[in-house]
Structure formats: structure tokens, C-alpha cells
Asks: 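This is the structure I have questions about; it appears just below.
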Amino acid sequence: MLVGRMREFGTTVFAEMTALAVRTGAINLGQGFPDEDGPAAMLDRAVAAIRGGLNQYPPGPGVPELRQAVADHQKLRYGLAYDPDTEILVTVGATEAITASVLALCEPGAEVIVFEPYYDSYPAAIAMAGATRRAVPLRVDAGRFTFDPAELAAAVTPKTGAIIVNSPHNPTGTVFTPQELAAIAALCREHDLIAITDEVYEHLTYDGVRHTPLATLPGMRERTVTVSSAGKTFSATGWKVGWICATPELITAVQTVKQFLTFTCSAPYQLAVAHALRHELDWVATLRDTLQGKRDRLMTGLAAAGFEVLKPSGTYFVQTDIRPLGHTDGLEFTRRLPELAGVVAIPTQVFYDHQDDARRYVRFAFCKKDEVIDKAVARLRALG
Ligand code: PMP
Ligand code: GLN
């Protein structure tokens, strides 16, 4: 039944692996969602908004309080000034923001550059637009996933319309350096490309590494659609409140599509997120420190269990190489892991077009209670 352009997309690996965890009772270090709530005052705001009658359609671009809070956040944190009335659009999570941007800005037949491993919604969004993806690999060099600037430059063709840039990067945990961002920006300027950035992990970086929005680089503000969302920053992945910052022309284009996808986004949660962006960044700083400790805890445990472990600078995720354990195919390995050790993880290779080197990598999430991490690690030790 399914249209041809969507036929390569089955059930997402996150749904498959979470279902596997539920079915087998395994510990779920697969899908990246925290097992503790966000700031209490934020939750109270949502409840109060619902009780207070904020239950009908909010304005299409988003409630003014949230657009203003996003504008203030971008200004204070990054020095980026956006007009909340014409340059900010609230979306149903980053997922809708990215899909609406691709649908609005990429013609059928255009090429869109993505880095692989890619977040799984990008290829689907590109296919929905009738565009074609061109994947540039991230490879491990000096302990982190990075790209070869020459390979990136070679991916640009006369048909290239846009590039999707995710940093901090899921699933590798790489935070692009200023040099890496400069190489991307130079290419965008040279070839007049639009950059769609996915910055949902902007606050979750470790060891003093800072996230830099691509829009802060010379010549990039006017050609970048900056996307973020509340899910990761405020541990509310089920709320699906996201946003876009861009020029009025870009925002108008994306909003034209967005209004027919969902028209608008859940009103009470928008108000709660506006509160959180204004008043809960100290809470987020504590979350970041806590997550860094959880990262180290999981890395130590995975190494003791025999995995080769790569250290992420951001996100919720640790990449491991499974070959020291005598396995070579991550998909096969993760499908058997519940039975082998009572744990669920994500095979990294499913996020690649060119899988060969990637089969060895498996992703584990550390956004879980310490006792859950410890229990998973104890089980994984049985593998050795
Ligand atoms: N981009 C990346 C890189 C993600 O990891 C996620 C979700 N976890 C999303 C986008 C989706 O964000 P949202 O839930 O706000 O749609
Ligand atoms: N972003 C989450 C992850 O990478 C999952 C999102 C989803 O389930 N689609 O694990």
C-alpha cells in the first residue's frame, strides 16, 4: 500500500527496540528518554495552564510568551537576535520543525546532504519531499566521530539545496568543533546552501565543551534554519514542543507548510516551556553535571564488560565497538542482547547508507537512574 518513496522506511529502530525491551523485560538503554521528570515548577505550569482553561487552539506561530522566551534564550546564550514576531516559529517538537523545513525548502529532485550516522527522521523527511539524500560519513579519528572536509565538499553537486547539521550529534555524541563548523559554513556560503541545524542537545555537553550554533558563524544567520526543542533540555520528551529560529522569509516558508501539517502546537505545554527557558537553566546545568557522571559510570561499566568505548562530548549516548566481545554485526548483536544479557541497545549501522565500517558500533543511552545503569552493566559483564 505504502507509496514508493516511503517504502524503505519500516518501523523505527527506536520503536522496535523499545518493544523488544517491553516484551522481554530487558533494561532499555536503547531509546533515549530520561527516566526522571523535568523541573517541578515547569510541570506545575502545565497543570495550571490546563486547569486555567488554556485548552483551545493557540496562535499558529506559537504563544507569544514562548516565542519571546526563545528569542531571549538565543540572545543571552549565543548573542543571536531574533524578532519573536517574525523570526520564531513553535513546532511539534524538533521532528516537525525539521520535516516542515525540508518540505518547505527542498524541491523534488534536490539533493540534501546529511552526515551519517543520521537521526532517523531526516531520510524520511527528505523522501517525503521527493528529494534525495547524500550521506557524508562520520568516521572515528582520535577517539571521536568526525568528517573529512574534502569528502563533505565533494558531496556538493549542482542539485544540492540544503545540508542538515546535527550537533551535539545523535547517535555519536560528537560536538562539532569551531573548525568543523567553519568548514560547513564555508561550503554553505560558497554554494548558497541552506543549513537546517538540529540542536536539540544544545545544553547537554560535557567536560566544558560548549555548543556553538552554526548561525553564529559569518554569513550563516541568513541561511540557517536553527531547530531545537524542550524534550532533552527539560527531560520532557513526551511534550513535543520545539521551535525554529530563522529569517522572516525562511520562517514564512516553513510556516506555510507547518500550518497544514499540524496548524499549531499544544498550548499548555508551550507556556510551561516558556517558563522553563526563563527560569530553569540552573536546573539544566545540574542535569548536565548529573548526566556527565552517568556517562562516566556507563563508560566504566561497558569497558569492564569488554566493550571498546568511545567518549561522547554531548548527548545521552555512548558508542561502543563490539568486536572485542567477539561480535561483528551490531544489528544481530542488539536483537540477541535481551536474551544474552537482558539489556536493549541500538545498532548504529541502521543510521548509515554505507554500513560496512558501521556494523561494529552499538549505542547505549545513559539518561537513566544510576541503579538502572549499574544493573545493566552487571548484566553485560556476563557477556565476557
Ligand atoms: N533530533 C535528534 C538528534 C534527536 O535525538 C531527537 C529526539 N530525541 C529529535 C531530533 C526529536 O526531537 P523532538 O522529540 O523534539 O521531536
Ligand atoms: N531521539 C531518541 C533516540 O535517539 C528517540 C526518539 C524516537 O524514539 N523517535 O533515542
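Residue numbers count from 1 along this sequence. If you're wondering where the values come from, they're calculated on a predicted model, not measured in any experiment. Indexing begins at 1, ligand by ligand and atom by atom, following the structure's order.
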Asks: Are Glu107 and Lys159 ion-paired here, with the side-chain N under 4.0 Å from a carboxylate O?
Replies: no

Asks: Going by the atom numbers of ligand 2, which of them fall below 4.0 Å from some non-hydrogen atom of Asn170?
Replies: 1 (N), 3 (C), 4 (O)

Asks: Is it the case that more than 12 heavy atoms not belonging to Glu8 sit under 6.0 Å from its CD atom?
Replies: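 Yes, enclosed.
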
Asks: Is the shortest heavy-atom distance from the side chain of Thr226 to the side chain of Tyr82 under 4.5 Å?
Replies: yes

Asks: With a 4.0 Å heavy-atom cut-off (strictly under), which part of Tyr119 contacts ligand 2: side chain, backbone, both or neither?
Replies: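 Only the side chain of Tyr119 comes within reach of ligand 2.
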
Asks: Quick one: list whatever passes salt bridge (Lys or Arg N to Asp or Glu O under 4.0 Å) with Glu116, sequence neighbours left out.
Replies: none

Asks: Can you list the ligand 2 atoms lying under 4.0 Å from a non-hydrogen atom of Lys232?
Replies: 1 (N)

Asks: With sequence neighbours left out, what residues match Asp72 under salt bridge (Lys or Arg N to Asp or Glu O under 4.0 Å)?
Replies: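 For Asp72 the salt bridge (Lys or Arg N to Asp or Glu O under 4.0 Å) partners, ignoring immediate neighbours, are Arg278.
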
Asks: Looking only at heavy atoms, what is the nearest atom pair of Ala100 and Leu261, with distance?
Replies: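 Smallest interatomic distance, heavy atoms only, reads CB-CD1, 3.9 Å.
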
Asks: Kindly assign one of parallel, tilted or perpendicular to the pair Tyr119 and Tyr122, based on the angle between their ring planes and the thresholds 30° and 60°.
Replies: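 Ring orientation, 0 to 90° scale: perpendicular.
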
Asks: When clusters are formed from ILVMFWY side-chain contacts under 4.5 Å, directly or step by step, what else is grouped with Val209?
Replies: Val175

Asks: Could you list, one pair per line, each nitrogen or oxygen of ligand 1 together with any protein nitrogen or oxygen closer than 3.5 Å, giving atom names and the distance rounded to 0.1 Å?
Replies:
from, atom 1, to, atom 2, distance (Å)
ligand 1, 1 (N), Asp198, OD1, 3.4
ligand 1, 1 (N), Asp198, OD2, 2.5
ligand 1, 5 (O), Asn170, ND2, 2.8
ligand 1, 5 (O), Tyr201, OH, 2.7
ligand 1, 8 (N), Lys232, NZ, 1.9
ligand 1, 14 (O), Lys240, NZ, 3.0
ligand 1, 15 (O), Ala94, N, 2.9
ligand 1, 15 (O), Ser229, OG, 2.7
ligand 1, 16 (O), Ala94, N, 3.1
ligand 1, 16 (O), Thr95, N, 2.9
ligand 1, 16 (O), Thr95, OG1, 2.6
ligand 1, 16 (O), Lys240, NZ, 2.7

Asks: With heavy-atom distances below 4.0 Å as the criterion, list the atoms of ligand 2 near Gln31.
Replies: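 In order of number, 5 (C), 7 (C), 8 (O), 10 (O).
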
Asks: Of the side chain and backbone of Phe317, name the one, both, or neither that has a heavy atom under 4.0 Å from an atom of ligand 2.
Replies: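 The side chain, only.
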
Asks: Starting from atom 7 (C) of ligand 2, which protein heavy atom do you reach first, and at what distance in Å?
Replies: Phe14 CD1, 3.5 Å

Asks: Once you restrict to heavy atoms under 4.0 Å, what part of Met17 touches ligand 2? Side chain, backbone, both or neither.
Replies: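 It is neither part, as no heavy atom is under 4.0 Å.
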
Asks: Classify the angle between the aromatic ring planes of Tyr361 and Phe145 as parallel (below 30°), tilted (30 to 60°) or perpendicular (above 60°).
Replies: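 Answer is perpendicular, since the angle exceeds 60°.
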
Asks: So if I count the atoms of ligand 2 from 1 in the order they appear, which ones are less than 4.0 Å from some heavy atom of Arg363?
Replies: 3 (C), 4 (O), 10 (O)

Asks: Hydrophobic clusters here meaning ILVMFWY residues chained together by side-chain heavy-atom distances under 4.5 Å, can you tell me if Val227 and Phe176 are in one?
Replies: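 Val227 does not cluster with Phe176.
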
